[in-house]
Enquirer: 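One structure, as structure tokens, below. Some questions next.
Values in this document were obtained by computation on a predicted structure and should not be read as measured data.
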Amino acid sequence: MAGFTQCMERRRAIPAAIEAGCDMLVFSTDIYEDLRYVLDGVESGLLSEARLDEAVTRILALKACVCGKGRLTAPADALRWRDECAMRSVTLVKSKPGVLPLTPEKYPRIRLFSLGRDEGMTDAVEQALRAAGFSTERFDIEKEELHGTAGLGGTLNLYLANLEHASNQTAVRIFWAKKHALNAPRHVCEEESVFVSFANPYHLQDVPRVKTYINAYSCNDSTIRAVVDKLLGKSEFVGVSPVDAFCGLPDARL
């Protein structure tokens, strides 16, 4: 806190405080004005130096990790808490009878569709499915062509979506591939489809015909493991939807 102490002692020298305090201010429009508010809070007692210490330590630790100067390691109890939260939150919004749990006997082959930011999501799910005895394939839009229903069956289509909200977005919708939207769920009566959203819980407005839909709310190692465990029947779905996942649409409930 030496930097902040000096800043408060040299109240008029606002530029000297910028390096120490600006990291705490997000989306600032006037860093000098906003930093003065921080200093006012410290001097009035509204904001404690202990709270500033905590914030600065967390920010510097994250920067060190991102820049490769160190590695953040969560305490064991924090990891257990994260796993427990994932297991309790993953929500089965709707399910076609008989589809779950997934077994290699019912679905020897699973076709994986990735939507949005992946960063290892599909790799982790595929690895877990193969370890459980499934044969997997990745959907390749370049190789896919328009076709009818002949020859379909025996393959389960598993959609993995990670389309996150951003501060400057008013909605998050799925934009299908320009090539005839071939990555959209089409033959849902000929092949079973399961849609898992790891971020936005409102995707049923774009895939109302999918009969089995799951919300996981966050894409991390814990939620990915929780989703796979529940797909395979290793644990029950106990999550309760905190929102109207059907988006007020009657056809999304079918």
Side-chain angles (χ1 to χ4, degrees), residues 62 65-66 72 74 79 81-95 99-100 102 110-132 134 136-142 144 156-179 181-186 188 192-232 235 237 239-247 252:
L62 178 60
C65 181
V66 172
L72 296 179
L79 294 177
W81 179 77
R82 188 180 71 173
D83 290 343
E84 181 184 355
C85 286
M87 295 300 290
R88 294 174 60 182
S89 63
V90 173
T91 306
L92 181 61
V93 178
K94 68 175 183 176
S95 178
V99 173
L100 300 178
L102 305 183
I110 296 181
R111 183 182 298 115
L112 299 170
F113 293 75
S114 177
L115 303 172
R117 190 173 67 177
D118 198 314
E119 296 183 351
M121 172 184 66
T122 305
D123 288 340
V125 172
E126 184 173 42
Q127 183 178 358
L129 291 175
R130 288 184 175 180
F134 294 90
T136 63
E137 65 180 60
R138 303 282 186 100
F139 175 80
D140 188 341
I141 189 66
E142 298 301 325
E144 185 74 6
L156 180 133
N157 297 308
L158 179 57
Y159 288 81
L160 307 173
N162 183 29
L163 293 123
E164 299 176 323
H165 285 85
S167 60
N168 60 345
Q169 286 179 287
T170 57
V172 176
R173 303 296 295 268
I174 300 175
F175 291 91
W176 305 108
K178 292 182 179 180
K179 185 179 179 181
L182 290 177
N183 60 339
R186 294 183 295 146
V188 295
E192 301 296 350
S193 296
V194 176
F195 193 103
V196 181
S197 173
F198 284 100
N200 186 348
Y202 300 107
H203 284 319
L204 267 177
Q205 62 186 323
D206 290 323
V207 291
R209 297 176 65 210
V210 170
K211 305 301 182 184
T212 303
Y213 179 92
I214 298 166
N215 276 328
Y217 311 107
S218 179
C219 190
N220 56 58
D221 294 341
S222 295
T223 53
I224 291 174
R225 285 195 300 269
V227 165
V228 173
D229 282 350
K230 294 177 187 301
L231 287 175
L232 302 183
S235 69
F237 287 92
V240 178
S241 182
V243 299
D244 176 15
F246 299 101
C247 306

Enquirer: Would you confirm whether K230, through its side chain, and T91, through its main-chain N or O, come within 3.5 Å as a donor-acceptor pair?
Expert: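 Not a single qualifying donor-acceptor pair exists.
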
Enquirer: Is Q127 atom CD crowded by more than 12 heavy atoms from other residues, nucleotides or ligands, each under 6.0 Å away?
Expert: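 No - once you tally the heavy atoms of other residues, nucleotides and ligands closer than 6.0 Å, there are 12 at most.
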
Enquirer: So, taking the atom named CG in N162 and the one named OG in S114, what distance separates them when rounded to the nearest 0.5 Å?
Expert: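 OG of S114 is found 8.5 Å from CG of N162.
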
Enquirer: What's the shortest heavy-atom distance between S222 and N220, and which atoms?
Expert: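 Heavy-atom minimum between the residues: N-OD1, 3.0 Å.
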
Enquirer: Any idea which heavy atoms bring A245 and V93 closest together, and the distance?
Expert: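 For A245 versus V93, the nearest heavy atoms are CB-CG1, 3.8 Å.
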
Enquirer: Counting distance only, does the side-chain N/O of K94 pair as donor-acceptor with the main-chain N or O of A252 below 3.5 Å?
Expert: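 At least one qualifying donor-acceptor pair exists.
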
Enquirer: Between atom CG of L158 and atom CZ of R111, what is the distance when rounded to the nearest 0.5 Å?
Expert: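 Between L158 CG and R111 CZ, I get 11.5 Å after rounding to 0.5 Å.
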
Enquirer: Taking S235's backbone N and O only, do any of them form a donor-acceptor pair with D229's side chain (distance below 3.5 Å, no angle check)?
Expert: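 No, because the side chain of D229 does not come within donor-acceptor range (under 3.5 Å) of the backbone of S235.
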
Enquirer: Does some side-chain heavy atom of F237 sit less than 4.5 Å from a side-chain heavy atom of L100?
Expert: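 L100 vs F237: side chains touch.
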
Enquirer: What's the spacing between T223 OG1 and Y217 OH if we round to 0.5 Å?
Expert: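 The distance works out to 12.0 Å.
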
Enquirer: Counting C-beta onward and ignoring hydrogens, is there a side-chain heavy-atom pair between T212 and E192 closer than 4.5 Å?
Expert: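 T212 does not reach E192 side chain to side chain.
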
Enquirer: Whether the side chain of K179 engages the backbone of I141 through a donor-acceptor N/O pair (distance < 3.5 Å, no angle test) should be reported.
Expert: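 The answer is yes, because a donor-acceptor pair under 3.5 Å joins these two groups.
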
Enquirer: Run the salt bridge (charged side-chain N to carboxylate O under 4.0 Å, His left out) test against D206 and tell me which residues pass, sequence neighbours left out.
Expert: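 Listed in chain order: R173.
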
Enquirer: Could you tell me if the side chain of P185 sits less than 4.5 Å from the side chain of W176, heavy atoms only?
Expert: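 Yes, their side chains come closer than 4.5 Å.
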
Enquirer: Test your reading of the model: is there a side-chain donor-acceptor pair from N215 to the backbone of P201, 3.5 Å cut-off?
Expert: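 Yes, the answer is positive, given that a donor and an acceptor are paired below the 3.5 Å cut-off.
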
Enquirer: For Y202 and V243, work out which heavy atoms get closest and say how close.
Expert: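 Nearest pair, atom of Y202 first, then V243: OH-CG1, 3.2 Å.
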
Enquirer: Shortest non-hydrogen contact from H203 to A161?
Expert: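 Heavy atoms only, the tightest pair is CD2-CB, 4.2 Å.
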
Enquirer: With a 3.5 Å distance limit and no angle check, can you tell me whether S193 reaches the backbone of V188 through a side-chain donor-acceptor pair?
Expert: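 Checked: no pair found.
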
Enquirer: What residues, two or more places apart in sequence or in another chain, satisfy salt bridge (charged side-chain N to carboxylate O under 4.0 Å, His left out) together with R82?
Expert: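 Not a single residue meets the salt bridge (charged side-chain N to carboxylate O under 4.0 Å, His left out) criterion with R82.
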
Enquirer: Check L102 against L232 and note the closest heavy-atom contact, atom names and distance.
Expert: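 Residues L102 and L232, closest heavy atoms: O-CD2, 3.8 Å.
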
Enquirer: What I'd like to find out is whether the side chain of N183 reaches to under 4.5 Å of the side chain of L115, using heavy atoms alone.
Expert: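 Counting from C-beta outward, N183 and L115 do come under 4.5 Å.
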
Enquirer: Nearest 0.5 angstrom please: Y159 OH to F139 CZ, how far?
Expert: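 Here the interatomic distance stands at 7.0 Å.
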
Enquirer: Which value, rounded to the nearest 0.5 Å, describes the distance between E144 atom CD and L182 atom CG?
Expert: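 Atom-to-atom, E144:CD and L182:CG are 5.5 Å apart.
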
